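A short write-up of the structure that comes next.
The structure presented is a predicted model; accordingly, all values stated were derived computationally and were not measured. Sequence lines set the chain letters: A, B, ... in the order given, protein chains first and strands last, and positions in each chain run from 1.
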Amino acid sequence: MPELPEVETIRRGVAPALVGRSVAAVHVYDRRLRWPVPLGLERALPGWQVAAVDRRSKYLLFRMVPPAGASPDGGTMLVHLGMTGSLRIHRRAPARTTHDHVDLVFDDGTTLRYHDPRRFGTILWVPGDAAAHPLLARLGPEPFSAGFGADTLHRATRGRRAAIKLALMDNRLVVGVGNIYANEALFRAGIRPTVAAGRLSRARLAGLVDAVRRTLAEAIDKGGSTLRDYVDSAGEPGAFQLGYAVYGRDGLPCPACGTAVRSLRQGQRSTFYCPTCQT
DNA sequence: CCTCCCCCCTGCGCGC
DNA sequence: TGCGCGCAGGGGGGAG
């Protein structure tokens, strides 16, 4: 269910429960994720401690360090939730249910449980510096970083005939903008999703950069408000409870002007837009 | 390099 | 109520 705001919400939820904890046991119940969960996970992690939980794009990076006195290099557990992955913290883990694939049990009994019906997610073990890992090395700028701006976006899209919505979802231009927020940000910016990226002016791209940031930031804020529910009990990150302006609203009135929202397919994914507000 | 299209997999909602 | 179909928030990878 995760786009960047959800992943960030999850990061903020799990980090305080795990940082400083040592791994007591790793249980892999089903290795068949996007790539097989490597045996190295069980081999490396026991005894190691969580130093930090970071995020890069929609990847969660669990920075692990060995016990004091052991080899100096740490490693990173790379987790991606795909379409349906979720992570839950349990003080005492309840019985495993369908689609619970991996448990990390910590020294105080706290359990981090990975659940993923479609198994499009990823759990990898990366010794040493994870930044060099192929899945991370070529990622574009984070949406809130200085590297994502009108100038760089303008330069990167010149000569590109691809639709702006597809460009926005191209993780070399900016990471973390998935289908929902691409739709919502384009609505906010007043840009039609089908316009060729290379034909948009710098000024319009500046508006888009701003719209992307505001859309994501709002969703993260909303997620934060229900963080406790997510971590401590049954519940979903709050961003799902957001009302969307256009996403999933085919035929319903545009919240700004009342025109019926339209939908179409781009790159095998659904696009929604207001034909009046977005040009 | 760019663009397009496929696929991995399960669950759910809808129309009949 | 049951069944088949299409669709779902990601993104790597290969073909052209």
**Q.** Neighbour count above 12 (heavy atom, 6.0 Å) for Arg213(A) CZ
**A.**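 More than 12 heavy atoms, drawn from other residues, nucleotides or ligands, come within 6.0 Å of this atom.
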
Checklist entry - Near Arg92(A) CZ, under 6.0 Å, is it more than 12 heavy atoms from other residues, nucleotides or ligands? => result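 Open: at most 12 neighbouring heavy atoms sit under 6.0 Å from CZ of Arg92(A).
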
In Å, rounded to the nearest 0.5 Å, how long is the span from CZ of Arg160(A) to CG of Leu166(A)?
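So the CZ of Arg160(A) and the CG of Leu166(A) are separated by 10.0 Å.
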
TODO: Drop me the distance from His80(A)'s NE2 to Leu135(A)'s CG, to the nearest 0.5 angstrom.
DONE: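 Going from the NE2 atom of His80(A) to the CG atom of Leu135(A) covers 9.0 Å.
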
Q. Closer than 4.0 Å, any side-chain N/O of Asn171(A) to the OP1 or OP2 of dG12(C)?
A.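 Asn171(A) to dG12(C) OP1/OP2: side-chain N or O found under 4.0 Å.
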
message = Taking only side-chain N and O atoms of Tyr59(A), does any of them lie within less than 4.0 angstrom of OP1 or OP2 on dG12(C)?
response =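 Yes, Tyr59(A) has a side-chain N/O under 4.0 Å of OP1/OP2 on dG12(C).
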
message = I'd like the 5' and 3' limits of the part of DNA chain B contacted by chain A, with heavy-atom contacts below 4.0 Å.
response =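 Span of nucleotides near chain A: dC2(B) to dG11(B).
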
Just the rounded figure in Å: distance from [atom2] of [N] to [atom1] of [X].
X	N	atom1	atom2	answer
Arg34(A)	dG11(C)	CZ	C1'	6 Å
Gln268(A)	dA8(C)	CD	P	11 Å
Arg118(A)	dC7(C)	CZ	P	13 Å
Lys165(A)	dG11(C)	NZ	P	14 Å
Arg172(A)	dG12(C)	CZ	P	11 Å
Asp170(A)	dG11(C)	CG	C1'	11 Å
Phe120(A)	dC7(C)	CZ	P	15 Å
Leu124(A)	dG12(C)	CG	P	11 Å

At under 4.0 Å between heavy atoms, what does [X] touch on the DNA or RNA strands: base, sugar-phosphate, or nothing?
X	value
Arg161(A)	sugar-phosphate
Arg119(A)	sugar-phosphate
Arg138(A)	nothing

Next on the checklist: Under 4.0 Å between a side-chain nitrogen and a carboxylate oxygen: does that hold for Arg155(A) and Asp151(A)?
Outcome noted: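 No.
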
Task: Validation row: Asp250(A), Phe272(A) side chains within 4.5 angstrom (heavy atoms) - done: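 Contact flag for Asp250(A)/Phe272(A) side chains = yes.
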
Exercise. Do Met77(A) and Leu45(A) come close enough that some side-chain heavy atom pair is under 4.5 Å?
Worked result: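 Result yes, sub-4.5 Å side-chain heavy-atom pair found.
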
- Task: Could you measure between the two P atoms, the one in dC9(B) and the one in dC3(C), and give it in whole Å?
- Result: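 Straight-line distance between the two P atoms is 24 Å.
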
For DNA chain C, the expected dot-bracket line (Watson-Crick or G-U under 3.5 Å, [ ] crossing, | inter-strand) is .|||||||.|||||||

Do Arg56(A) and Glu142(A) pass the salt bridge (Lys or Arg N to Asp or Glu O under 4.0 Å) test, and can you show the C-alpha distance, the side-chain angles, and the key distance before you say yes or no? CA-CA 8 Å; Arg56(A) 175 75 172 102; Glu142(A) 290 287 325; 2.9 Å; yes

Q: Might you work through the salt bridge (Lys or Arg N to Asp or Glu O under 4.0 Å) test for Arg214(A) and Glu184(A), ending with a clear yes or no?
A: CA-CA 10 Å; Arg214(A) 283 186 297 141; Glu184(A) 294 294 303; over 6 Å; no

